2 protein chains.
Amino acid sequence: MFLVPTSAPASNIESIALAPNAHANFPSLSNEAGWRCKGDLWSNLHDICELLNIRFSSNKGKEILFQHVRYKAGQKIHKIGQHFENLAIVNCGFLKTGVIDEYGSEQVLSFPMKGDLLGIDGIYNQCHATEAVALSDCDIILVPYKTFSTLGHTYAELEQAMFSVMSRELLRERTMASMLSALGAEAKVARFLSNLGIRFSELGYSGKVFNLRMTRHEIASYLGLAIETVSRTLTALHELGVIKVDQRQIAIIDALFLKTFRRLPSTRSRIKVTQMTAPKVTRSLTKNITQKVPVLSAKNTLLQQNKELANILN
Amino acid sequence: MFLVPTSAPASNIESIALAPNAHANFPSLSNEAGWRCKGDLWSNLHDICELLNIRFSSNKGKEILFQHVRYKAGQKIHKIGQHFENLAIVNCGFLKTGVIDEYGSEQVLSFPMKGDLLGIDGIYNQCHATEAVALSDCDIILVPYKTFSTLGHTYAELEQAMFSVMSRELLRERTMASMLSALGAEAKVARFLSNLGIRFSELGYSGKVFNLRMTRHEIASYLGLAIETVSRTLTALHELGVIKVDQRQIAIIDALFLKTFRRLPSTRSRIKVTQMTAPKVTRSLTKNITQKVPVLSAKNTLLQQNKELANILN
DNA sequence: CGCCAATTTGAGTCCCATCAATATTTGTGG
DNA sequence: CCACAAATATTGATGGGACTCAAATTGGCG
């Protein structure tokens, strides 16, 4: 239902308007077999900044145009090792990024969606370190890195904004790493759903009811779990009453629980607070959470605690 | 022995030379109690680029100076929530970065050392999301973000280079996340040591014999393991003969093993190769590794495999 | 309908966290 | 310098959470 934005009617006009300063020999995007429909849309700098949630007051940006490209589900935006030429901004659709290890196993690293920036990892080394695959039909805006670079030191604000976007991306990765190493399986899945809901609502979709665009397998890879564990945990959360699951349809019932639940970290992982760390003003919210978070004994599984939790939550 | 670079003699000269375009009101770095010795050194743009491994051919950079600041082991370069004003480049010394959760537990995210850039996560939101703590006495170069920003669109190359550095940082995080979710405890520790060795040798130190600057606790937090597991794994690797461990002294015997060892990932995590992924030219090295990697049965622990492995390795 | 992929569910096993105890090192003050 | 305390590491025993193997079920699609 909700998550696939109705894409604008696709007419296959191939005449693409390009600003004079756009990279001349427009990148051949892929040597991969298969048909691809070049989008009929173009965006100017203002559109892009809006998409990225960047404030850009200058009004010179109207003349600088960027090409849209359509990808069908399953197609790759870029592959590992491919020469890096473009950054890409997701206009609509859902993707995954990941790496492939020596055994052919895929390791999913992120699920980009509208407004996300793809290809940052290619700047270093001029070569993509990850691959990006469309999970649904996608509309992607290409930003030739050369163009991007030129614009950066023409419009100071823009440059600043790009640093900000990269910083945000870095933050996400860190949050992810933190989650991966500190939380148990149940909490991982819970936060995964919570984060999805939040991102969806930021995009204007429903954050309470949505479809998963990715397989259980991809979720498992992303969270560092076995596929069976993901499945079991989903049903457990369902039976707990905090979500509803029907195949890939998800309905979030208790968002707070999903966001705050974590397994009990024993005193073991507590590192002595170093020296002169004044208590400082911990955010008021933090304090509340500390007391309200439903902390489950590590000795029980979610399923066994239905009643126990029902008491806590009601 | 090796890892603590002999710091230049510290004279407390407070007269800091500043370029005219450097930020006027120089940032008050910390409201934290304790004594801090302002460094007597300053670096120009060229020094910094060299430190960051950036090629910067322009010769205008000599006049732009950046302040050095000394931190003693245990001091914090910045705290979580602190207003973001400076990026910081590690000139010498060893640090850790991390976040503190609701329970006061620290989650270690990285171990920056010479040449690394600190504070990127603060660009977004103008506020530090992580804290950075000196593990040893450190010499840090402050780069006021405002100055940095100004320089960026003055020197095009420099801007490019900064994007590159941020891209590299992002790559590291991704590699980390990938490792955290895909590897077992033994492989985590092995790769941790391997990565340390590689970074040390890149810095000109010995990559084979070095001191750990961090506690087992911090390693455990970084790798998402229990401290006991780290300890046990170290002794296991020691008894395997691939490393030597004596407290925080590490000697790497079999670097290849450390780098390539991983637990057997079952078919479970194998995702069907999507569509038209031509076999492509996999790097020759990859193929070799695929066959040479010592893959251990998941059913045994390192300790139990001494002989078995000895056979494989010899 | 029949095939294949995705998902669910069950049973068994193992890796790793946990608890506990000891050893070693570091730091501090007398 | 030594003694005492606190932090840091090591080692063992144990249990549980998540992986593994296996089979059943569902859903998609030609």
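Lettering of chains follows the sequences in order, A, B, ..., and the numbering in each one begins at 1. Any value given below was found using the heavy atoms of this structure, including those in side chains, with hydrogens, waters and symmetry copies removed. Here the structure is a predicted model, which is why all the values come from computation and not from measurement.
As a whole-Å value, the separation of B/Leu234 CG from D/dT8 C1' is 14 Å. The separation between A/Asn211 atom CG and D/dG27 atom P is 15 Å, rounded to whole Å. Whole-Å rounding puts the A/His217 NE2 to C/dT8 C1' distance at 15 Å. When rounded to the nearest whole Å, the span between CG of B/Leu223 and C1' of C/dA17 equals 15 Å. In this structure, B/Gln249 places its CD atom 15 Å from C1' of C/dT25, rounding to the nearest Å. Nucleotide D/dA9 holds its C1' atom 16 Å from the CG atom of B/Leu225, rounded to whole Å. The separation between A/Met214 atom CE and C/dT7 atom C1' is 16 Å, rounded to whole Å. Look at CG on B/Leu135: it is 12 Å from P on D/dT8, rounded to the nearest Å.
Salt-bridge annotation for A/Asp139 and A/Arg70: present, with a side-chain N of the basic residue lying under 4.0 Å from a carboxylate O of the acidic one.
Between B/Phe94 and B/Phe111, a ring centre-to-centre spacing not shorter than 6.0 Å is recorded. Note: B/Tyr205 and B/Phe210 fail the aromatic proximity criterion, with ring centroids not under 6.0 Å apart.
Within 3.5 Å, a donor on the side chain of B/Glu228 pairs with an acceptor on the base of C/dC19, or the reverse. Put simply, the side chain of A/Arg232 and the base of D/dT20 share a donor and an acceptor less than 3.5 Å apart.
Shown here are the side chain to side chain donor-acceptor pair (under 3.5 Å) partners of A/Ser110, two or more places apart in sequence or in another chain: A/Thr97. In this structure, A/Asn195 has no side chain to side chain donor-acceptor pair (under 3.5 Å) partners at least two apart in sequence or on a different chain.
Across D/dG27, C/dA6, C/dT25, the shortest atom-to-atom separation from the side chain of A/Gln247 is found for D/dG27. Of the candidate nucleotides D/dT20, C/dC16, C/dT7, D/dT20 has the atom lying nearest to any side-chain atom of A/Ala226.
Across the interface with DNA chain D, nearest-nucleotide mapping of A/Thr229 and B/Arg216 shows B/Arg216 to be the residue nearer the 5′ end.
Residue B/Arg248 has no polar side-chain atom (N or O) positioned under 4.0 Å from OP1 or OP2 of C/dT25.
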